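One structure below.
Since we're looking at a predicted model, the values are computed, not measured.
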Amino acid sequence: MTNICNYRGNSKENSGKRNIKLLRLINNFCKNKELKKILNIISNKLNVPTSYLLQDVKIYLHRNYSTKKMKFSNKLNLFYLPISMLSFFLFFIYISIFSSKRKIKKIKTELLIDEILHKREAEKFSELKKFFKKTLFIIYRKFDTKYQSYSFLNYRGLNKNLLFNKVPELIFSLFFISTIFSIKKRVNIFHILIFLISQIFKYKNIFSNIKGKYLIQERHYATSAIKSFLFKKSGGKSFSVFQKVIPQLMGPGTYAYADIFFTLGNETHRKAIVSSGNFKKIIPVGSLFMENIFFQKKIRKKIDFDLLNVISDGPNFSDGFKNYEKNWIEHLSWLKKLSDEDKKLKIVIKRRPNDKLDKNNFLNDFFKNSGVKIIFGETPLNKEYSYEHCMRSKVVCTWSSTMGYELIGHNKPCIFMDPNGENSSFVPSDKLHKPVRVTSYKEFKRKFYICKKNKNKFFFKIKKENFCLKSNAVSKKVFKSLKQYSFK
C-alpha cells in the first residue's frame with residue numbers, strides 16, 4: 001500500500017484519472033485493520049459507530065490534500081509527530097480549561113441551520129425560515145444577527161458533565177497505540193484523532209443543548225458523518241445540504257455526506273457522486289441564493305453590455321493539471337482579443353467582493369489599454385448584485401462560476417470557456433457540458449455572435465432544468481421535501 005505522505009499526483013494526467021487514484025488511495029488507507037482498531041476505541045468510549053468515524057477520516061484526508069501541490073499536508077508526515085502528540089494533549093487541556101458546569105436551558109426548534117459564518121449567510125435562509133414554526137441558526141463567529149441563534153465559538157463552554165469523565169481513559173487508550181501505528185505506517189495520525197474527537201465533542205455538546213427536527217446547511221463541501229449521526233441520535237429526522245457550487249473533481253466536497261442533497265438542477269449532482277458523495281436522496285430544487293437575491297429584489301434588466309465575464313478565482317482552485325493556470329489566463333486573452341477585433345463591443349468582467357485576484361495588480365495590467373472594463377470595488381457601476389449585472393448583458397461567459405449554471409437555468413446564455421479542453425475538473429466533456437463549452441477562440445467568437453444575435457439558438461440543444469431549476473420557489477420545495485422524508 002502506498003504511503004499517503006509519499007503520494008504525488010501526476011500533473012500530466014487529467015483530473016478524472018487523478019481523482020480515481022486519489023480516492024482509491026484514501027479508501028485503501030481507511031481499510032487498514034490497525035486503523036480500525038484505533039477508531040474502535042473512540043467508538044466504544046464516545047459512542048459513535050466506527051463507520052461514521054471512517055467516513056470523516058476520508059473527509060479529513062481529502063481536505064488535507066492540496067490539488068495545486070498534489071500532495072497531502074506536511075502535518076501527516078512523521079517528522080511532525082512530536083508536535084502533533086503535544087497538540088493532542090494541549091487540545092484536551094484547552095477544552096478542560098474553557099469548559100463549564102453551568103447548566104444551559106434546552107432549546108427546541110423545528111429547523112436547525114448550521115455552518116453560519118457571517119450575517120449574509122443567514123440572510124440566504126430568510127425565505128425558508130418562514131415555512132417553519134421555529135428556526136435556529138448555529139453561528140461560529142461573532143456578529144450581530146436579527147435571527148435567533150446559538151453560538152459555538154472556539155470550543156469554549158463545552159458541557160463538563162457530558163463527556164469529560166471519558167477523557168483520561170480515552171487519552172490513555174489512544175496515545176500508545178496511535179504512536180506505534182504512526183511510526184509503523186510512517187503516517188502521523190494524531191491530527192486525524194484530534195479532528196474526530198473535536199467533531200464528537202462539538203456536536204454532542206450542541207445537540208445536547210438543542211433539539212431540532214431538521215438540520216440543514218449551505219455548503220456541501222463542509223459536511224460530517226459524525227454530525228449527521230449525533231443529530232439523528234438526539235431525535236432529528238434528517239440532515240440536508242444545498243449545492244452551493246459546481247462540484248470540482250479533486251476539489252472541495254469530495255466524500256460529502258448527507259441524507260438529502262438539494263441540487264441546482266436535474267444533472268448537477270453527477271460530479272459529486274463521482275467524487276464519492278454519499279447521499280440517500282438527491283432532490284433538484286434550484287438556487288437558494290437566486291431565490292433570495294434575484295426573485296426577492298428588484299433586478300434591473302435593461303441591456304447595457306454585449307458580453308460579461310463572471311470571473312472565477314481560477315488560480316486558487318487549480319486542480320493541479322500542468323496547464324491549468326496557463327489555460328485560465330488564455331480564457332482572459334480571448335476577451336481582450338474579441339475587444340480588439342470589434343471595438344464597438346461593450347465587454348466587462350465582474351469580480352466578486354472577496355476574490356483573491358489582486359496579486360501584483362495582474363488583472364488591471366493585463367487589460368490595460370484594452371476595451372475590456374472591470375467591475376469591482378466602490379464604483380458607481382458596482383452597486384448591483386452580480387445577478388443584475390449578468391441580466392444586463394446580452395451574453396455571459398465564465399471559466400467555472402456556478403452562476404453559469406444558474407443563468408442558463410433562467411434563460412440567459414452563458415458560455416463556459418475551456419481553452420484546449422483541459423479544464424475537466426470543472427467542465428468535463430460530457431453530455432451536460434458539451435453544448436455550453438467552447439475549447440478554442442474561434443469557437444468562442446462564433447458562439448458569442450450567434451447568441452448575441454439570437455439567444456434562443458444557444459438553448460437549441462440544451463435542457464435548462466438540467467443546469468438549474470427555476471428558483472422562485474426553492475424554499476417551498478425544500479420545506480415539502482423535509483416534511484416528506486425521515487432517515488435513521
Fill in the blank from the handout: d(Phe416 CZ, His331 NE2) to nearest 0.5 Å is 11.0 Å

Practice task
Indicate whether the side chain of Asn327 and that of Asn420 have a donor and an acceptor atom separated by less than 3.5 Å.
Solution key: yes

Completion exercise
Looking only at heavy atoms, the pair that brings His410 and Met391 closest together is O-CE, 4.4 Å

Problem - Residues forming a side chain to side chain donor-acceptor pair (under 3.5 Å) with Thr439, sequence neighbours excluded - result: Glu443

Problem - Lys71 to Tyr65 six-membered ring, cation-pi geometry met (6.0 Å, 45°) - result: no

Handout entry: Electrostatic pair Lys346-Asp306, nearest N-O below 4.0 angstrom
Key = no

Handout entry: Cation over ring face, Lys281 and Phe261, 6.0 Å, 45°
Key = no

Problem - Salt-bridge present (Asp259, Lys237; N to O < 4.0 Å) - result: no

Completion exercise
Across all chains, not counting sequence neighbours, the ring pair (Phe, Tyr, Trp, His ring centres under 6.0 Å) partners of Tyr60 are Phe195

Exercise for the section: Please confirm whether Lys119 makes a cation-pi placement over Phe143, using NZ or CZ under 6.0 Å from the six-membered ring centre and within 45° of the ring normal. Expected result: no

Exercise for the section: Would you please name every residue forming a side chain to side chain donor-acceptor pair (under 3.5 Å) with Asp56, sequence neighbours left out? Expected result: Ser224

Practice task
Go through the side-chain N and O atoms of Asn309 and Lys350 and say whether any donor and acceptor fall under 3.5 Å apart.
Solution key: no

Exercise for the section: Write out all pairs satisfying salt bridge (Lys or Arg N to Asp or Glu O under 4.0 Å) with one or both partners inside residues 466-477, taking only residues at least two apart or from two chains. Expected result: none

Exercise for the section: State whether the side chain of Ser73 and the backbone N or O of Lys75 hold a donor-acceptor pair below 3.5 Å, judged by distance alone. Expected result: yes

Handout entry: Any Asn47 side-chain heavy atom under 4.5 Å of Lys204 side chain
Key = yes

Exercise for the section: Could you pull out all residues at least two apart from Lys211 that satisfy side chain to side chain donor-acceptor pair (under 3.5 Å)? Expected result: none

Practice task
Would you please classify the geometry between the Tyr485 ring and the Phe487 ring as parallel, tilted or perpendicular, with 30° and 60° separating the classes?
Solution key: parallel

Handout entry: Results of side chain to side chain donor-acceptor pair (under 3.5 Å) for Ser126 - residues two or more places apart only
Key = Asn292

